[in-house]
**Q** 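Okay, handing you the structure first.
Just so we're on the same page: letters track the sequence lines, and every chain starts at 1.
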Amino acid sequence: MTLLYGEADASQRASLEQHLAGCEQCRSSVAAFKGTMGELSTWKLPRKRQRQRTPVAAWAAAAAILALAAVGGARLWTLEAQVRELRAEVARTAGDSSIASLREELRQVAAENEKARASDRDAFAGALQRAQATAAANYATLRKELETVAILTEAGFQSTQSEIAQLASDARDNSSTQ
Amino acid sequence: MNLLGLFTVSDEQAMWRVQMNDDADAFALLVERWEAPIQNLCTRMLGDRHRGEDLSQEAFSRLFARRKDYVASGKFSTFLWRVALNLCYDELRKRERRNEVDLAEESEHASAAVVDHATPDLAMARRETADLVRVALLKLPETYRSVLVLKHYEGLKFREIAEVLGIPEGTVKSRTAEALAQMSRLLGSSPDRAARNVPEQSRREVMAL
């Protein structure tokens, strides 16, 4: 294969060619392989990118939607996990006088959430701006799709935030019954 | 992105920018350079130009979506070939489950698109052969098909293919030899081709060639 595909170095080539000179079976193998390789090569495809289909702007945009959805999903999951933990903590510590520190944890989770969303939005906005400069038409469709994703993600965050709020009021209730 | 960027920024540098800064320009550069080869890989693995283009688009979307997972230890292209090839394997799995293998072979839309500047007769003969090749490639087991496409059509070195697939270089060479031998048998159905079938020979001898 190294000879046929041009990867044999000078000494390998020399010794292989010497062998071929004396070995008919190998010679006919090589001939047959070359014939097949020639047939394979009849199926040509363009080597350069052709500008008929999707412009790059739509690419970066489509991929960015995917990314945002993935990130949004990942953050939602983290928040839900944190909410579950806090819920368990509240159940365990009903009657515990460290409710104040629990409230502080809840506040921190909410703040982290807000920061994360903001930085995601910035990263995405940056990528999107550059994509927009190249293709305005695609941008219009993209905008609509993004809004849908943003709404869905927003809805997700909002429901998590209301769970956190509920948890905080549960914590307050617990402490007031002591 | 300026034209100079096309020549001076390496794939790895561009991918770094995509990973660190969500750089859409750098991403565009990578698409510009690699869309055609990736489309061609997918087209030949699936025997279908349209599906090949779809999968190629998915490969780049996946590349961007998973940019944080990219580890810059090997070549960028190795990573990209692997992403695309895995998508091809997934698609072939789906087809198997849906029993679509025959459809791909017979579909009019799927016939081999040929880039050709020869005389009409020669071009016609080539198109026919090209389509025979397309159908024969689909009959080749995937592990042989992938090696042959990467080696013969995309011109990757044996060592590069070994890295993409995570197998030893020797295995790549023996799979290439086996793939060629099977293709010659598959293509040798017509009488005038029969004489050119690769004779049975010990694997080690053939591999060395």
**Q** Quick one: what part of B:K157 sits under 4.5 Å from any heavy atom of chain A, side chain, backbone, both or neither?
**A** both
**Q** Salt-bridge test for B:K173 and A:E7: reply yes if a basic N is under 4.0 Å from a carboxylate O, no otherwise.
**A** no
**Q** Measure the CD-CG distance between B:Q13 and B:L30 for me, rounded to the nearest 0.5 Å.
**A** 11.0 Å
**Q** Please classify the contact between B:L63 and chain A as side chain, backbone, both or neither, with a heavy-atom cut-off of under 4.5 Å.
**A** neither
**Q** Let me know if B:R66 has heavy atoms under 4.5 Å from chain A in its side chain, its backbone, both or neither.
**A** neither
**Q** Under 3.5 Å, is there a donor-acceptor pair linking the side chains of B:Q57 and B:E53?
**A** no
**Q** Please tell me if the side chains of B:R134 and B:D131 come closer than 4.5 Å, counting only heavy atoms from C-beta onward.
**A** yes
**Q** Quick check for you: to the nearest 0.5 Å, what is the distance between A:R49 atom CZ and B:I38 atom CD1?
**A** 13.0 Å
**Q** For chain A, which residues from residues 74-83 of chain B lie under 4.5 Å away (heavy-atom distances)?
**A** none
**Q** What is the distance from atom CZ of B:R17 to atom CZ of B:F27, rounded to the nearest 0.5 Å?
**A** 15.5 Å
**Q** Most heavy-atom pairs under 4.5 angstrom with chain A, which of B:A36, B:A125, B:P37, B:A136?
**A** B:A36
**Q** I need the residue from A:M37, A:R47, A:K34 with the largest number of non-hydrogen atom pairs under 4.5 Å to chain B.
**A** A:M37
**Q** What heavy-atom pair brings B:D48 and B:R51 nearest, and what distance separates the two atoms?
**A** OD1-N, 3.1 Å
**Q** Nearest 0.5 angstrom please: B:M15 CE to B:F64 CZ, how far?
**A** 8.5 Å
**Q** Check each atom of A:L40 against the heavy atoms of chain B and say whether the ones under 4.5 Å are side chain, backbone, both or neither.
**A** both
